Visitor: 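Quick one: the structure is below, and I'll ask about it shortly.
Everything quoted here is computed from the prediction, not taken from an experiment. All values below come from the heavy atoms of this structure, side chains included, with hydrogens, waters and symmetry mates left out.
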Amino acid sequence: VDISGDTTIAGDVGIGTASPSQELHLYKASADCSLLIESDDHSTFTRAAEIMFKKHYEAGDTADWRIGLGAGDGALTSFNVYSDDASKLFMCIEGTGDVGIGAADPVTQLEIRGDASTPGATLTLSTADTEVVDGDILGRIDFRAPKEAGGTDAILPGASIWGEANDTFAADNSDTHIVFACNNSGATTSSEERMRIQGNGMVGIGTTNVGYKLEVDGTFAHRGITD
């Protein structure tokens, strides 16, 4: 079938199948089944090949999203998720693999950029638990070694940071500690706690029962303070 220009087709359309189950149904009995969206425009543009999603939620009002290739000077730069007119970029994946949320030019593997009207971006780690009690972890970041041929250290965390509830949460209570943990040696499946900052600001090193602004379990050196 060769169709040029805009075309209206009534009913479901099947490609590779005589019994389509959706408005557009692609089927291939063997190998991969792919949909190709291609642009042959070599000029400078902000949006190349793309898919647009539109919903009519009130008379005359629509909600639009687009996903597709972003380009400049005819060269592929990123895969984007953005608003209908591309005035607001929600996410982009660079050709290098770097991901930007709110950033069209991420400078690291992941960059989250806030709006110009806000002081900065916010990253939230949360739990779906509706009954948080003492000891529950609200969110955690693990640092791991890259996979190696033997696969022995790919499963072991090198260090971790997590938020830990210090009481049963309530409308007037969200007492939380920040815990810093890391491994020294040995095939441990979890990092060992080294330091924690309590909700009241007290800091403990080598202890989970902190009673002073700074409490250290073990010997330590104090070099003094000079003006």
Visitor: Measure from the side-chain N and O atoms of D32 to the backbone N and O of S34, and report whether any donor-acceptor pair falls under 3.5 Å.
Guide: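 The answer is no, because no donor-acceptor pair under 3.5 Å joins these two groups.
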
Visitor: Evaluate the side-chain proximity of L89 to R113: yes if any heavy-atom separation is below 4.5 Å, no if none is.
Guide: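 A side-chain contact under 4.5 Å is absent here.
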
Visitor: Shared ILVMFWY cluster between L138 and V133, side chains joined below 4.5 angstrom?
Guide: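 No, L138 and V133 fall in different hydrophobic clusters.
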
Visitor: Using 0.5 Å steps for rounding, measure from the CZ atom of R196 to the CD atom of E215.
Guide: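 Taking CZ in R196 and CD in E215, the distance rounds to 12.0 Å.
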
Visitor: At what distance, to the nearest 0.5 angstrom, does CG of N166 lie from OG1 of T176?
Guide: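 Reported value, rounded in 0.5 Å steps: 8.0 Å.
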
Visitor: Indicate yes or no: does R140 engage D142 in a salt bridge with an N to O separation below 4.0 Å.
Guide: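 Looking at R140 and D142, the cut-off is met.
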
Visitor: Nearest 0.5 Å, please: how far is OG1 in T207 from CZ in R194?
Guide: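 If I round to the nearest 0.5 Å, the distance is 14.0 Å.
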
Visitor: Say whether I161 and V179 are linked into one hydrophobic cluster, either directly or through other cluster members, by side-chain heavy-atom distances under 4.5 angstrom.
Guide: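 Shared cluster, no.
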
Visitor: If you look at every heavy atom in S191 and S160, which pair is closest and at what distance?
Guide: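 Looking at all heavy atoms of both residues, the closest pair is OG-OG, 3.2 Å.
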
Visitor: Heavy-atom count around K55 NZ within 6.0 Å, excluding the residue itself: above 12?
Guide: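 No - once you tally the heavy atoms of other residues, nucleotides and ligands closer than 6.0 Å, there are 12 at most.
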
Visitor: If you group Ile, Leu, Val, Met, Phe, Trp and Tyr by side-chain heavy-atom gaps below 4.5 Å, do I137 and V132 land in one group?
Guide: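 No.
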
Visitor: With side chains defined as the heavy atoms from C-beta onward, is the minimum distance between M195 and V203 less than 4.5 Å?
Guide: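 Side-chain contact under 4.5 Å: yes.
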
Visitor: Decide yes or no for I15 and L24: does some side-chain heavy atom of the first lie under 4.5 Å from some side-chain heavy atom of the second?
Guide: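 Of all side-chain heavy-atom pairs linking L24 with I15, at least one is under 4.5 Å.
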
Visitor: With side chains defined as the heavy atoms from C-beta onward, is the minimum distance between D136 and T127 less than 4.5 Å?
Guide: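 A side-chain contact is absent here, since even the closest heavy-atom pair is not under 4.5 Å.
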
Visitor: State, yes or no, whether a side-chain contact exists between D105 and D98 at a heavy-atom distance under 4.5 Å.
Guide: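 Answer no - side chains too far apart.
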
Visitor: Please tell me if the side chains of L110 and I101 come closer than 4.5 Å, counting only heavy atoms from C-beta onward.
Guide: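 Yes; the side chains approach each other to less than 4.5 Å.
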
Visitor: Restricting to side chain to side chain donor-acceptor pair (under 3.5 Å), what partner residues turn up for N173, sequence neighbours left out?
Guide: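 Partners of N173 by the side chain to side chain donor-acceptor pair (under 3.5 Å) criterion, ordered by chain and then number, come out as D167.
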
Visitor: Please determine whether residues F180 and V216 belong to a single hydrophobic cluster, defined as Ile, Leu, Val, Met, Phe, Trp and Tyr linked transitively by side-chain heavy-atom distances below 4.5 Å.
Guide: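 F180 clusters together with V216.
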
Visitor: Looking at every heavy atom in both S78 and E94, which two are closest together, and how far apart are they?
Guide: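 S78 and E94 have their closest heavy atoms at CB-OE1, 3.3 Å.
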
Visitor: About how many Å separate OH of Y27 and OG of S21, when rounded to the nearest 0.5 Å?
Guide: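 Nearest 0.5 Å value for the OG-OH distance: 12.0 Å.
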
Visitor: Please name the pair of heavy atoms, one in V210 and one in G204, separated by the smallest distance, quoted to 0.1 Å.
Guide: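 Looking at all heavy atoms of both residues, the shortest contact is CG2-CA, 3.5 Å.
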
Visitor: Which value, rounded to the nearest 0.5 Å, describes the distance between I51 atom CD1 and I67 atom CD1?
Guide: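 Here the rounded value is 4.5 Å.
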
Visitor: Where do P106 and G100 come nearest, in terms of heavy atoms and distance?
Guide: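 Here P106 and G100 meet closest at CG-N, 3.7 Å.
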
Visitor: Report yes or no: do M52 and Y82 belong to one cluster of Ile/Leu/Val/Met/Phe/Trp/Tyr joined by side chain heavy-atom distances under 4.5 Å?
Guide: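 Looking at the clustering, Y82 is in a separate group from M52.
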
Visitor: Please report the closest heavy-atom contact between E111 and A103, naming both atoms and the distance.
Guide: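 In terms of heavy atoms, the two residues are closest at CD-CB, 4.2 Å.
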
Visitor: Look up atom CD in Q198 and atom CG in N209, then write down how far apart they are to the nearest 0.5 Å.
Guide: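 One gets 8.0 Å once the value is rounded to the nearest 0.5 Å.
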
Visitor: So which atom in A121 and which in I112 form the shortest heavy-atom distance, rounded to 0.1 Å?
Guide: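 Heavy atoms only, the tightest pair is CB-O, 3.2 Å.
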
